[in-house]
Amino acid sequence: MSTTPLGLNDDELVACVACGLCLPHCPTFVVTGRDTHSPRGRIALMTAVEHHGAPITDDLVDSMMTCVQCRGCETACPSGVEFGHLMEQTRAALAKAGRIAPWWQRLALKLLERRQLLLVVSTLLALGQRLGLVPSKRLGLPKCLPIRRGRLQPTSNPSVPPETSPNDVWLFTGCVMDAWQRHVHHASKKVIEATGACVVPTNGKAQCCGALALHAGMAEHAQQTARNVIEALSGDVRPILVNSAGCGAMLKDYGNLLNTDEAHQFSTRVFDIHEWLLPKTSSLIEQQSAQISLSRSKVAIQDPCHMRHVQRNHDAVHQLLEPFVELVPLNDDGLCCGAGGAFSVLEPELASQIRDVKVAAVKSSGAQVVASANPGCSLHLANAGLDVVHPCELLSEALDVT
């Protein structure tokens with residue numbers, strides 16, 4: 001157990017040579033131009049505390065908490081600096097010191113693990129929206145939360161009992177996405193079924209993945225959540241498909257988070273839904289309907305950072321959608337949209353400035369709709385007035401399996 005102030009891995013810390021190649025890929029540096037809002041500046045502050053006895057000041061806390069944790073710097077870094085790991089360790093140390101993660105944030109994160117309570121609270125928020133009592137934009141909420149969601153049932157196959165077919169897959173439904181975007185789960189389920197697979201939604205069996213807790217510095221909370229998910233989905237070898245980029249990245253990283261054989265084995269079962277669907281594209285094309293809605297003829301894909309920079313499988317979405325819709329490129333080199341899990345709620349001004357860059361890229365592309373495979377990104381961009389859908393919704397429309 002490290003006794004240093006932040007408990008950082010020294011090999012990871014000294015790997016940064018401050019070359020600056022990460023700067024154009026850091027969304028906070030792009031909009032502020034401040035070095036303390038860049039990866040190398042943040043690492044310099046970490047080093048000052050860890051090696052030179054510098055105090056943990058408010059400015060240091062601000063520098064760490066204004067990081068979106070997009071990890072675009074990792075993709076750009078020629079030295080292979082594991083910035084995401086350094087930031088997670090730093091935030092965990094700050095949380096233990098009581099400098100971040102106040103009680104209300106901890107309470108909100110616990111709510112994510114209480115599915116029925118989360119659904120009730122979400123429904124009450126939806127009713128409050130209809131009555132004009134909820135400041136949705138300020139809270140980063142969807143403009144119109146659902147009151148009814150539609151029950152998500154396992155695939156019905158008269159010849160094969162649910163949860164016993166060798167073609168079964170789990171569909172990880174999560175927490176916020178299940179409450180606010182269950183229509184995406186319905187579309188995902190139908191597209192998976194079009195390949196001949198039987199789908200078993202996790203529903204309340206496995207709830208929050210723990211990503212938001214880890215981002216907030218609550219490492220022990222995230223580790224316990226990971227154990228709960230692994231226990232809930234243990235006992236079989238069925239693939240676990242995830243249609244949320246952030247959740248998928250978290251589930252795939254359980255092995256590193258817990259460092260147990262069971263967690264490493266669990267992570268090998270996790271697939272982003274698009275990488276799982278990609279080898280089955282030919283079977284989907286055979287079922288394609290004759291015509292796709294003209295209003296969605298030009299589509300720009302917003303690559304969620306946890307798909308582009310963490311899972312590094314964003315090409316799967318592009319390849320999967322290409323036969324079905326007309327794709328137009330975004331000339332922003334995949335820069336973060338500013339959602340960052342809860343970042344858009346905790347740092348709304350900075351998140352909006354980052355989003356403005358993405359919105360400008362979308363508008364200049366001529367796209368009529370944006371496809372995003374992460375709930376935080378889609379909600380953040382939709383609140384800027386863009387028409388945002390999940391890639392599986394486009395596939396569902398193209399296959400006429402609505």
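Only heavy atoms go into these numbers, but all of them, side chains included; no hydrogens, no water, no symmetry mates. From a predicted model like this one, the values you see are computed outputs, not experimental measurements.
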(request) Would you check if N228 and Q224 make a side-chain contact, meaning some heavy-atom pair closer than 4.5 Å? (result) yes

(request) Using only heavy-atom distances, determine whether the side chains of Q319 and T281 contain a donor-acceptor pair under 3.5 Å. (result) no

(request) Indicate yes or no for a side-chain donor-acceptor contact from Q129 to the backbone of L145 under 3.5 Å, with no hydrogens or angles considered. (result) yes

(request) Test side chain to side chain contact (heavy atoms under 4.5 Å, CB included) on L214 and H221 and set out the steps. (result) CA-CA 8 Å; L214 188 63; H221 182 141; over 6 Å; no

(message) Minimum heavy-atom separation for Y254 and S267, please, with both atom names.
(response) N-OG, 3.5 Å

(request) Please answer whether the main-chain N or O of V362 pairs with a side-chain N or O of S365 as donor and acceptor at a distance below 3.5 Å. (result) yes

(request) Go through the side-chain N and O atoms of Q302 and H380 and say whether any donor and acceptor fall under 3.5 Å apart. (result) no

(message) Keeping T47 on the side-chain end and I43 on the backbone end, is there a donor-acceptor pair under 3.5 Å?
(response) yes

(message) Any heavy-atom pair between the side chains of D35 and R40 that's under 4.5 Å?
(response) yes

(message) For T260 and R227, which I'm curious about, is there any donor-acceptor pair between the side chains at under 3.5 Å?
(response) no

(message) Checking V191 against S188 for the side chain to side chain contact (heavy atoms under 4.5 Å, CB included) test, could you report, in this order, the C-alpha distance in whole Å, the side-chain angles of both residues, the deciding distance, and whether it holds?
(response) CA-CA 5 Å; V191 173; S188 300; 5.9 Å; no

(request) Kindly compute the distance separating CD (E88) from CG (L257), expressed to the nearest 0.5 Å. (result) 8.0 Å

(message) With a 3.5 Å distance limit and no angle check, can you tell me whether E322 reaches the backbone of L327 through a side-chain donor-acceptor pair?
(response) no

(request) Using the test salt bridge (Lys or Arg N to Asp or Glu O under 4.0 Å), find all partners of D178 that sit at least two apart in sequence or belong to another chain. (result) R115, R182

(request) Test side chain to side chain contact (heavy atoms under 4.5 Å, CB included) on Q265 and T268 and set out the steps. (result) CA-CA 5 Å; Q265 180 60 37; T268 64; 3.5 Å; yes

(message) Nearest 0.5 angstrom please: F83 CZ to T90 OG1, how far?
(response) 8.0 Å

(request) Answer yes or no: is there a side-chain heavy-atom contact under 4.5 Å between V242 and M250? (result) no

(message) Less than 4.5 Å apart, side chain to side chain, heavy atoms only: is that true for V81 and P39?
(response) no

(message) Set out, in order, the CA-CA distance, both residues' side-chain angles and the distance that settles side chain to side chain contact (heavy atoms under 4.5 Å, CB included) for R130 and C144, then state yes or no.
(response) CA-CA 8 Å; R130 272 66 168 180; C144 192; 3.3 Å; yes

(message) Working to the nearest 0.5 angstrom, can you tell me the gap between L118 CG and S122 OG?
(response) 4.5 Å

(message) Determine whether a donor-acceptor pair (N or O, by modelled atom type, separation under 3.5 Å) exists between the side chain of E74 and the backbone of G84.
(response) yes

(message) Could you check whether any side-chain heavy atom of L233 comes within less than 4.5 Å of a side-chain heavy atom of R238, counting everything from C-beta outward?
(response) no

(message) Looking at A101, is its backbone amide N or carbonyl O close enough to the side chain of R106 to form a donor-acceptor pair, meaning the two atoms are under 3.5 Å apart?
(response) yes

(request) Decide if atom CD of Q153 counts as having more than 12 heavy atoms of other residues, nucleotides or ligands within a radius under 6.0 Å. (result) yes

(request) Check ring pair (Phe, Tyr, Trp, His ring centres under 6.0 Å) between H215 and all other residues, then give those that pass, not counting sequence neighbours. (result) H306

(message) Would you say the rings of H390 and H274 are close, in the sense that their centroids are separated by under 6.0 Å?
(response) yes

(request) Verify, without hydrogens or angle tests, whether N9 (side chain) and E12 (backbone) share a donor-acceptor contact under 3.5 angstrom. (result) yes

(request) Check for a donor-acceptor pair, side chain of E50 on one end and backbone N or O of L8 on the other, with a separation under 3.5 Å. (result) yes

(message) Checking the side chain of S396 only, and the main-chain atoms of E393 only, is there a donor and an acceptor separated by less than 3.5 Å?
(response) no

(request) Report the residue from R91, H309, M64 that forms a side chain to side chain contact (heavy atoms under 4.5 Å, CB included) with Q69. (result) R91

(request) Kindly say whether K358 contributes a backbone atom to a donor-acceptor pair with the side chain of D332 at under 3.5 angstrom? (result) no

(request) Compare all side-chain heavy atoms of L94 with those of L60 and state whether any distance is below 4.5 angstrom. (result) yes

(message) Between R269 and D236, does any side-chain N to carboxylate O distance fall below 4.0 Å?
(response) yes

(message) Quick check: closest heavy atoms across C208 and E113, and the distance to 0.1 Å?
(response) CB-CG, 3.9 Å

(request) Could you tell me which non-hydrogen atom of L330 sits nearest to which non-hydrogen atom of A300, and how far apart they are? (result) CD2-CB, 3.7 Å

(request) Show your reasoning for whether side-chain hydrogen bond (donor to acceptor under 3.5 Å, both in side chains) applies to R149 and T123. (result) CA-CA 10 Å; R149 301 171 183 87; T123 300; 3.1 Å; yes

(message) Please find the pair of heavy atoms, one from A206 and one from A232, that lie closest to each other, and give the distance.
(response) CB-CB, 4.1 Å

(message) We want to know whether H185 and T173 form a side-chain donor-acceptor pair, criterion being a heavy-atom distance below 3.5 angstrom.
(response) no

(request) Could you point out which residue of R42, E347, Q353 forms a side chain to side chain donor-acceptor pair (under 3.5 Å) with T28? (result) R42

(request) Could you pull out the closest heavy-atom pair between N383 and R355, with the gap in Å? (result) CB-NH1, 3.8 Å

(request) Write down the atom of P375, the atom of Q181, and the distance for their closest heavy-atom approach. (result) CB-OE1, 3.3 Å

(request) Using a 4.5 Å cut-off on heavy atoms from C-beta on, say whether the side chain of L350 contacts that of V68. (result) no

(request) Would you indicate whether the side-chain heavy atoms of T66 and R34 approach each other to under 4.5 Å? (result) no

(request) Any chance you could measure S244, atom OG, to D272, atom CG, to the nearest 0.5 Å? (result) 9.0 Å

(request) Find the distance between CZ (F266) and CG (L258) and round it off to the nearest 0.5 Å. (result) 10.0 Å

(message) Nearest 0.5 Å, please: how far is CZ in R308 from CG in L335?
(response) 9.5 Å

